[in-house]
Amino acid sequence: MEWFKIYNPKAMNSFQFIAVTGVVMSALAHLLLYLWGREIESFNYLYLCWGVLFVFGSIQNLRAKPEDDDHHHHHHH
């Protein structure tokens, strides 16, 4: 397993990048609303969605094996 793909932005795929961007944007919006004194319950679901997307992206990323495509010998499990 190439775990660096999960925390190294250069190795992230689009799903992970979108998820990270989404979390950052959501957190900023959440902070602004918090400063305005507005508590929004749905933000928790938003983080959950981004988390699921990131996990999905990580699975896709970790499953992608470029070296298999280069050698043209796919291992059947």
Could you state whether V23 and I59 fall into the same hydrophobic cluster, counting links through intermediate Ile, Leu, Val, Met, Phe, Trp or Tyr residues with side-chain heavy atoms under 4.5 angstrom apart?
no
Indicate yes or no: at least one non-hydrogen side-chain atom of I6 is less than 4.5 angstrom from one of Q16.
yes
Closest approach of F15 and G57, non-hydrogen atoms and distance?
CB-CA, 3.5 Å
Listed partners of F17 passing ring-ring contact (aromatic ring centres under 6.0 Å, His included), at least two apart
none
Rounded at 0.5 Å granularity, tell me how far CZ in F4 sits from CG in L62.
9.0 Å
How close do M12 and K5 get, counting heavy atoms only, and between which atoms?
CG-O, 3.8 Å
Taking distance alone, no hydrogens or angles, what donor-acceptor pairs closer than 3.5 Å link side-chain atoms of residues 45-54 to residues at least two apart or in another chain?
residue : atom : partner : partner atom : Å
Y47     : OH   : H30     : ND1          : 2.9
W50     : NE1  : G22     : O            : 3.3
W50     : NE1  : S26     : OG           : 2.9

